[in-house]
Amino acid sequence: MAIIFHEESREFHLFNDEVSYIIGILPNGQLGQLYYGRRIQDRDSFSHLREGGKRSLAAYVFEGDTDFSLAHTRQEYPSYGTTDFRYPALGIEQENGSRISNFQYSHHFLFNGKKKLEGLPAVYVEDEHEAQSLEIILGDAELGMRLVLSYTIYENMPVIVRSAKYLKDTGKPVLLERAMSMSVDFSDYDYEMVQFSGAWARERHKRVRRLEQGVQSIHSMRGASSAEHNPFLILKRPDTTEDLGEAYGFSLVYSGNFLAQVEVDTHGVARAMMGIHPDTFEWKLEVGETFQTPEVVMVYSYDGLNGMSQVYHKLYRTRLARGYWRDKARPILLNNWEATEFDFDENKILQIAEGGQKLGCELFVLDDGWFGARNNDHAGLGDWYVNREKLPDGITGLAKKITKMGMQFGLWIEPEMVNKDSDLYRMHPDWILHTPNRSSSHSRNQYTLDLTRYEVREYIYERISSILSQADISYIKWDMNRYMTECYSLGKENRCQGEVTHRYILGLYELYERLVTQFPDVLFESCASGGARFDPGMLYFAPQAWTSDDTDAVERLKIQSGTSYCYPLSCMGAHISAVPNQQMGRMTPLDTRFQVACYGAFGYELDLNQLSDAEKEAVKTQIEFVKGHRELIQKGIFYRLEHPYQDKYVAWMCVSEDKKEALVSCYRILNEANQGFERLKLRGLEENSSYQLCEWLSAEDKTDSYSGAELMYAGIGLSKYFGKKVGDFQAATWYLKA
Ligand code: DGJ
């Protein structure tokens with residue numbers, strides 16, 4: 001790994017064994033993008049990679065010169081209004097109304113390791129030799145500002161991390177209107193854009209479209225990264241598959257409004273850009289102040305989409321997630337929400353917990369409804385005081401009883417919200433985001449607390465830390481169940497209302513940081529009506545996230561597959577729930593539900609006492625299985641297995657880093673009459689090793705051994721396994737040991 005600055009050609013080359021990223025200083029002092037892709041040998045100059053030339057209708061930078069136009073130049077962090085007519089990375093309104101800027105190279109710093117981002121989540125290094133960083137400082141004297149573009153390249157991963165920082169040094173205050181985290185101009189547009197989109201209960205479904213001239217984008221203006229679009233984008237070549245070919249991933253480490261777009265221009269250049277959504281953002285910069293953007297983690301892979309995902313998994317599992325739980329096997333949890341919703345008392349809870357404990361569950365989680373007047377979703381949010389009618393011994397007493405059973409105890413909270421029917425709202429009606437003299441829109445009968453305000457954060461912090469201090473609580477599920485409207489704040493922290501949505505997220509991060517620092521042993525799981533804030537920003541504080549409120553096994557195949565393109569299995573909350581499924585009304589076999597849910601942070605979301613004796617025995621076996629294999633699942637190398645029977649089967653696989661063991665599951669969604677002789681080809685095994693193949697829950701095959709090469713190239717014959725399974729929604733799982 002190295003970052004080289006070629007003095008003469010004034011070019012930077014960031015590279016490791018897999019990737020090269022080349023930046024040149026342009027004739028006008030701005031930064032040009034010369035190359036981003038598979039590693040190429042370094043040389044003194046790559047200036048021949050810069051395009052130029054005379055074209056009709058173009059505007060040129062220098063008097064008398066018809067070669068250098070920013071419209072034809074691939075750039076690093078483009079601005080609008082000086083010959084480039086594409087979307088810019090920045091926009092700064094100045095006192096005189098001008099929005100023209102000209103940030104020119106001033107100097108740069110190279111150093112080992114990676115700096116922390118102030119107030120923002122970020123990937124990190126544990127040892128400064130894991131990565132090298134470059135800060136390029138650009139200045140605009142007229143604006144009295146500096147712009148720092150930061151780059152970090154990791155040594156052993158094809159990862160480049162980018163962010164931007166604005167500094168106001170002299171002159172009059174300015175208004176930042178647009179401050180993207182990164183922008184890359186690709187020299188052609190022969191790509192497909194892959195996005196992960198959907199809605200509540202069908203989050204992160206993979207969608208693919210071919211790039212075309214014009215702008216293609218995804219975004220959120222909902223105040224959260226959202227269920228509708230994940231802040232993650234892939235550009236892949238049309239023939240890139242799961243296992244072969246080029247793919248570029250862009251993942252924004254942020255939990256609020258965002259924009260990710262690709263603009264293809266008249267000459268076939270594709271400009272990818274990502275950052276805070278400019279339409280809901282403004283930031284006033286006074287002299288002496290700085291503004292730091294969130295960072296984008298860019299992964300380049302020539303090993304297809306699996307190759308790209310595996311890099312994100314490793315990085316996010318080990319260098320984004322933090323704390324005590326980062327490397328620990330995640331406890332098997334039992335959550336009461338789908339079993340009881342708000343209708344419970346201590347006895348009922350203890351019975352459910354005991355049912356789980358007997359079968360081997362390790363953590364019981366009490367969900368919504370334990371506080372204030374929270375007997376339905378109309379009241380109580382904000383009043384974080386235990387409801388003694390339901391829980392006479394309080395949370396402390398209940399936690400004691402559950403831990404005495406031999407389980408850990410976990411608790412649900414939704415600290416960012418308030419119901420109007422609550423003491424908190426009655427006391428502080430001005431604490432919600434709302435526009436003066438206008439009505440406030442409701443969603444799930446609740447309103448968003450103004451986290452930009454110090455006193456609001458203090459109240460929440462005091463309440464949550466006091467609950468955590470008084471009871472033996474090992475886990476917190478931090479929920480958030482509405483998007484933001486009327487984003488106006490009475491808080492004096494906001495110098496203009498355009499700051500509110502970003503300051504809210506900064507406030508949220510500050511609050512999270514205080515709590516995870518004060519309670520380092522507590523396992524935090526983030527949640528937002530399921531997966532509406534499933535993003536890397538949250539992962540920095542909470543190493544787990546509730547993937548979706550949709551617990552139907554068939555739906556989960558799409559949701560968990562989509563989620564796996566960027567996020568590791570260790571962070572994906574995946575639970576077995578009762579049938580008919582609450583969201584879908586679908587009946588799926590318990591076995592299938594298990595074989596889907598075990599690819600994640602596993603748990604149950606039902607009253608296990610309601611199961612038949614045979615089902616209880618099955619649950620015991622499942623729990624034993626997870627206990628035996630969770631290291632492999634949570635830390636192994638994950639593959640989405642591709643096969644020619646797309647609509648019929650889904651298949652996943654985890655291989656240990658040393659390739660000595662693996663887990664493979666194949667799901668047949670709908671049954672088919674007179675089925676063919678289909679084969680599933682495995683991945684990631686050692687060709688010459690011999691693997692014992694053992695079908696889960698089957699006494700057969702225990703002694704059958706196959707070479708890694710045979711399993712990968714000839715595959716497993718599926719009809720042998722699925723032929724004996726009757727009906728739809730069937731699954732088969734194999735454990736492989738070398
Ligand atoms: C939404 C979550 O996604 C559910 O799991 C549950 O916690 C409810 N909120 C409780 O209100």
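Everything numeric in this text was worked out from a predicted model, so none of it was measured. Counting starts at 1 for both ligands and their atoms, in listed order.
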Considering only distance and modelled atom types, tabulate donor-acceptor pairs under 3.5 Å from the side chains of residues 402-410, sequence neighbours left out.
from, atom 1, to, atom 2, distance (Å)
Thr403, OG1, Ala399, O, 2.7
Thr403, OG1, Lys400, O, 3.0

What verdict does the salt bridge (charged side-chain N to carboxylate O under 4.0 Å, His left out) test give for Glu458 and Arg514, after you've listed the backbone C-alpha separation in whole Å, the side-chain angles of each residue and the deciding distance to 0.1 Å?
CA-CA 10 Å; Glu458 275 305 296; Arg514 278 178 87 181; 2.5 Å; yes

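- Ligand 1 is surrounded by Trp337, Asp367, Asp368, Trp412, Arg444, Lys477, Asp479, Asn481, Cys527, Ser529, Gly530, Trp546, Asp549, each with at least one heavy atom closer than 4.0 Å.
- When each of Trp337, Phe602, Trp546, Tyr604 is paired with His575, the ring-ring contact (aromatic ring centres under 6.0 Å, His included) condition holds for Trp546 and for no other.
- By the 6.0 Å and 45° rule, Lys206 does not stack over the aromatic ring of Phe196.
- The neighbour count for Glu455 CD, taken as heavy atoms of other residues, nucleotides or ligands under 6.0 Å away, is above 12.
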Applying side chain to side chain contact (heavy atoms under 4.5 Å, CB included) to Phe534 and Glu203, what does each step give before you reach the verdict?
CA-CA 9 Å; Phe534 198 115; Glu203 298 90 342; over 6 Å; no

